Amino acid sequence: MSRPTTPPDALRIDQARRAFFESGRAPVGQVPPAILQSWRRSLGFGLAANARPAIEPVDAPRLRTMREQHEQLWRLARAEVEMLAADAANTGSIVLLTDADGWILDAEGNADFLDKAGRIALMPGACWNEARVGTNAIGTAIVDGCPVEVRGAEHYAAPHRILNCSAVPVFDPCGRMVGVLDISGDAAVAPMHALGLAQLAVANIEHRYFDEGIVDADLLRVHANPALLGSAREGLLAFRNGRLVAANRAGLALFGLERGDLGHASYEALFDGALSRLRDDGVLQDRSGRLLHGHVDGPTRSRRARAAMPITVSASTSGAASDTPLFDGGLEAELARACRVLDAGIPVLVLGETGTGKEVFSRELHRRSARSGKPFVAVNCAALPEGLIEAELFGYESGAFTGARKEGSTGLLRQADGGVLFLDEIGDMPLALQPRLLRVLQDRELSPLGGGKPVKLDFALVCATHRDLEDAVADGRFRADLYYRVSHHRVALAPLRELPGRDELVRTLWQRIGQGRRLDDEAASLLAGYAWPGNLRQLVASLRTLAALSEPGSVIGADALPAYLRARMSGETAMSAAPVTAAPLETITLMTMRAAVEACGGNFARAARQLGISRSTLYRRLGQDPRRH
C-alpha cells in the first residue's frame with residue numbers, strides 16, 4: 001500500500017478515529033481501506049484503543065533461541081539491515097527485522113529513537129502482531145501479506161501515534177512468509193521514501209534465498225532485459241517435474257502469477273519451447289511470444305549444494321611447494337619487493353585481469369614471507385553472499401545475532417591471526433561493510449557481532465581485484481579511505497597476451513602438465529600466439545584438456561587443438577597476421593569470437609561451448625539476433 005510521502009492530515013485522522021471508536025461509524029474515505037479493515041480486526045480482538053498494550057519482551061535466553069530458529073532469515077537480511085541502519089541513524093529512525101509472527105529479532109538505527117521506541121516496547125524480543133498490539137505496520141503487513149504504511153494516529157493504540165512505520169513482508173522461494181522488514185521513525189517527521197527503501201531491501205533478501213539452489217529443481221533466471229540478469233529484478237522460477245514450485249516476486253510478476261499459483265502452474269502453460277533452448281541459446285519464448293533472456297541452474301541435491309566455496313584456510317607452507325608457480329625475472333623482483341612490504345606490516349594490493357594469477361602470486365608471497373609458518377586465509381568477496389560476509393569475517397557471539405552455531409564463531413580475521421588474510425575481489429565488497437573493515441585495519445582489533453570483548457588482531461593483509469578501484473572510488477562504489485589504506489603497495493600483473501616469451505611459457509607449462517606427451521612446433525606456436533582472454537587460467541585449463549584427450553607418449557599436433565585455435569592456420573582470423581598486442585582487447589575478443597563461429601560452421605552453441613561462454617553472450621557481443629539461428 002503506497003501513499004504520498006506527505007504526513008497525514010492529523011485533523012482528518014482524529015475525526016476518523018472519533019467516528020469509528022466513539023460513534024461506531026465507518027470513516028470510509030477518511031483513512032486508507034487497509035487501515036480501516038485493521039481497526040475492525042483490532043476491535044474484534046477486544047483491544048483498548050486508548051491504552052498502551054501490555055507488551056512484555058521475552059528474556060535474553062528466549063530471544064537467543066528465537067534468533068537461532070530464524071538464523072537463515074537473519075543471515076540473508078543482515079547486509080540490508082546494516083545498510084538501511086546507516087541511513088536510519090542519520091534520519092532519526094530505526095530498522096526492525098521480525099519473524100512471521102511479529103516477534104522482533106533485531107533493531108538498529110538512530111540511538112535516540114531506539115531509546116524512545118523502547119519506551120513503548122518497540123524493541124528486540126517484543127511481539128507486534130495485530131492480535132497483541134492492534135493496527136501497526138508490522139502486524140498489518142503480516143495479515144495483508146503486502147507492504148503497509150501506518151502513520152501517526154492511524155495506529156490502533158493511541159500511545160503509538162508517535163510512530164510513522166513502513167513494513168514489507170519477506171517471503172521464501174516457496175511463497176511462505178518468513179518475516180517482516182520495517183522502518184519506523186518519529187511521526188513528527190515525514191518519512192522520506194521509507195516504504196520504497198524497505199521494498200528494495202526485501203527484494204534483495206528474497207533474491208538471496210535462491211543462492212543456495214532449490215532442491216531437485218531446475219532454477220530459471222530470466223528477464224526480457226538481459227541487463228537485469230543477476231540483479232534482484234531478474235525473474236527466478238524453479239520447476240520440479242514440470243511444475244512451478246518456487247519463484248520470487250519478479251518471476252511471478254513476469255507472468256502475472258500469485259504465490260497461490262506455486263505448486264499448480266506448469267512449465268508448458270508459461271513457456272513455448274523446451275527448457276534445453278534456454279540452456280543452449282540463453283533465450284526462451286513465453287506463451288505470449290515474448291523473448292526472455294537468461295540461463296538455467298540445474299537441480300541440486302541438498303539445501304547447501306549450490307553454496308559457493310569462497311573461503312579457504314591453508315595451513316603453513318614453509319618449505320618448497322610441490323607446484324611452484326612460474327615467475328619471470330620481473331615478477332621475481334615484484335615478489336621480493338612485496339615480501340619486504342608485507343613483512344613490514346604494510347598491506348599489498350594485487351591488480352590484474354581475471355585469470356592472471358592474483359591468488360597464485362599472493363600464496364607465493366605468503367610462502368616467502370616471515371609469516372609462512374602461519375595460516376593463509378583466502379576470502380573471495382565476490383563469491384561470498386552479502387549476508388554472510390560480516391559474520392564470516394568478524395565472527396559472532398553465541399546466539400547474539402545469529403544462531404548458525406550455538407557456540408558462536410571466531411571469524412576469519414581471527415583464523416588468520418599471525419598469518420596472512422587474502423581478500424580476493426575486494427572491489428566487490430558491499431559498501432555497507434567497508435567502514436567496519438577499515439576500522440579493524442586501523443585499530444587492529446574487532447568486536448564480534450552481538451557484543452563480546454574486543455579482540456586484538458595480528459595479521460598481514462593482501463588484497464586483490466580485477467576492478468579499477470580508482471574508478472570505483474570516483475563512482476562512490478568504494479570508500480576512498482579504505483582504498484588508501486589497502487593500496488600503499490600495488491602489484492600489477494600483466495595479462496597473458498602482453499607477456500614476452502609466451503613460447504617458452506607454453507612449453508614449460510606443458511612439461512608439467514603433459515606427462516611425457518609432446519607438443520609439435522605448429523601446435524605450440526598456435527597456443528603461444530592466441531590472445532587467451534581468460535589469461536593463464538584459461539591456458540592451463542586448455543593444456544590439461546589436451547593432455548586428458550590424448551594418449552600417453554603421443555605427439556600433440558595442431559589438429560588436436562580446439563577449433564577456435566585451428567582457425568589461425570587457414571587465415572580465418574586476422575590475428576594470425578599480427579602480434580596479439582597490436583589490437584585492443586575488445587577487438588581481439590571479437591575477432592576470436594567470430595573465428596570460433598566460423599570454425600564451427602556457424603553453430604553458435606558449439607562455438608560458445610568451445611569459448612567457455614554462454615550462447616547469449618556470444619549473440620550479444622557479435623550483434624546477432626538469436627531468433628535467426
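Quick caveat: nothing in here was measured; it's all calculated off a predicted structure. Hydrogens, waters and symmetry mates play no part in the numbers below; they use all other heavy atoms, side chains included. Numbers here are sequence positions counted from 1.
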Enter the distance from [X]:[atom1] to [Y]:[atom2] here, rounded to the nearest 0.5 Å.
| X | Y | atom1 | atom2 | value |
| --- | --- | --- | --- | --- |
| L438 | L482 | CG | CG | 5.5 Å |
| D468 | D475 | CG | CG | 9.5 Å |
| L437 | R485 | CG | CZ | 10.0 Å |
| T465 | L349 | OG1 | CG | 7.5 Å |
| I214 | L236 | CD1 | CG | 8.5 Å |
| L284 | L291 | CG | CG | 8.0 Å |

Handout entry: Pair V491-L351, side-chain contact (heavy atoms from CB on, under 4.5 Å): steps then yes or no
Key = CA-CA 6 Å; V491 178; L351 306 171; over 6 Å; no
With distance as the sole test, does [X] use its side chain to make a donor-acceptor pair with the main-chain N or O of [Y] at under 3.5 Å?
| X | Y | result |
| --- | --- | --- |
| D428 | R467 | no |
| D297 | L219 | no |
| Q434 | M429 | yes |
| W532 | L527 | yes |
| E498 | A494 | no |
| R497 | A531 | no |
| R517 | I556 | no |
| H207 | R233 | no |
| R221 | L229 | no |

Exercise for the section: Please step through salt bridge (Lys or Arg N to Asp or Glu O under 4.0 Å) for the pair R507 and E504, ending with a clear verdict. Expected result: CA-CA 5 Å; R507 293 192 180 278; E504 181 181 353; over 6 Å; no
Residue pair [X] / [Y]: nearest heavy atoms and the distance that separates them:
| X | Y | value |
| --- | --- | --- |
| F210 | P173 | CZ-CB, 3.4 Å |
| A250 | A232 | CB-O, 4.4 Å |
| G557 | D520 | CA-OD2, 3.1 Å |

Give a yes or no on whether a salt bridge exists between [X] and [Y], defined as a side-chain N under 4.0 angstrom from a carboxylate O.
| X | Y | result |
| --- | --- | --- |
| R368 | E332 | yes |
| R75 | E80 | no |
| D281 | R277 | yes |
| D458 | R444 | no |
| K358 | D424 | no |

Problem - Whether over 12 other heavy atoms sit under 6.0 Å from R290 CZ - result: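 Yes.
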Close side-chain approach of [X] to [Y], heavy-atom, < 4.5 Å:
| X | Y | value |
| --- | --- | --- |
| T356 | L496 | no |
| P435 | R479 | yes |
| R249 | E206 | yes |
| Q538 | P533 | yes |

Problem - Test applied, ring pair (Phe, Tyr, Trp, His ring centres under 6.0 Å); reference residue, H366; option that passes from F361, F459, F376 - result: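 Of F361, F459, F376, ring pair (Phe, Tyr, Trp, His ring centres under 6.0 Å) with H366 is met by F376 alone.
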Exercise for the section: Report the relative orientation of the aromatic rings in F271 and F239; use parallel for angles under 30°, tilted for 30 to 60°, perpendicular for over 60°. Expected result: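 Plane angle over 60°, so perpendicular.
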Exercise for the section: Tell me, with the steps shown, if E522 and S525 meet side-chain contact (heavy atoms from CB on, under 4.5 Å). Expected result: CA-CA 5 Å; E522 188 176 26; S525 177; 5.7 Å; no
Exercise for the section: Classify the side-chain pair E353/N535 by whether it contains a donor and acceptor separated by less than 3.5 Å. Expected result: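 Side chains of E353 and N535: pair found under 3.5 Å.
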